[in-house]
Amino acid sequence: EAQVTQNPRYLITVTGKKLTVTCSQNMNHEYMSWYRQDPGLGLRQIYYSMNVEVTDKGDVPEGYKVSRKEKRNFPLILESPSPNQTSLYFCASSLKGDTMNYEQYFGPGTRLTVT
Amino acid sequence: KNEVEQSPQNLTAQEGEFITINCSYSVGISALHWLQQHPGGGIVSLFMLSSGKKKHGRLIATINIQEKHSSLHITASHPRDSAVYICAVRWSGGGADGLTFGKGTHLIIQP
């Protein structure tokens, strides 16, 4: 089954404790992206990757890191999480990213709480 | 800053009604997406448009490039259509290669 998976689905952590949210897709998609969703603000892009070893900042990259060592995986790293990073996170992928004229496939979301 | 505006923010209707959700954007785009977010949180892609009109079942999406406006219509609405509908665009003028999202329209269809 074609899908984007994220782990963990729910996470409660404390300020400053490094964490990684994994994202994997099995569709051989070139483009992958991370978004956060907050009440009243909607979805906002954190980082995206046009292909392996190619990543770039989105609209709200502060406090996050990503890597794209393999085509299928795009982990989101919070080196020192803070309470303002409490949010619902989505990973997404599409076949290519150069025109965005391709369907976006979203993961199930990761609900992160930082205390 | 380039923006995507959706209206209405909230919409409650009776089963069977014809539903229209609107999306306006500020500058030129290369693509517009309509997404559906279920009460459980999952997001699915409904349509991707760069011009004209698309139809899938009871859902119809249209876009007017000159007026910078898109609409999502639901015919013969059903309670299972209750969800948040999100419009997203890719700007054509450069900048970060990603999507900018509207804040969503929360739709409730009552039986």
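Letters A, B, ... are given to chains in the order of the sequence lines, protein chains preceding strands, and every chain is numbered from 1.
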More than 12 foreign heavy atoms under 6.0 Å from [atom1] of [X]: is that the case here?
X	atom1	value
B:K54	NZ	yes
A:R111	CZ	no
B:Q9	CD	no

So, for [X] and [Y], which heavy atoms are closest and what is the spacing to 0.1 Å?
X	Y	result
A:L88	B:Q37	CD2-NE2, 4.4 Å
B:I43	A:F106	O-CB, 3.5 Å
A:Q45	B:L99	OE1-N, 4.2 Å

About how many Å separate CD of A:E103 and CG of B:L46, when rounded to the nearest 0.5 Å? 9.0 Å
Rounded to the nearest 0.5 Å, what separation is found between the OG atom of A:S94 and the NE2 atom of B:H33? 7.5 Å
When you group the ILVMFWY residues by side-chain heavy-atom contacts below 4.5 Å and let the links chain together, are A:I46 and A:Y31 in the same group? no
Identify whether A:V4 and A:F90 are in the same connected component of the hydrophobic contact network (ILVMFWY, side-chain heavy atoms under 4.5 Å). no
Contact origin within B:L35 toward chain A - heavy atom pairs under 4.5 Å: side chain
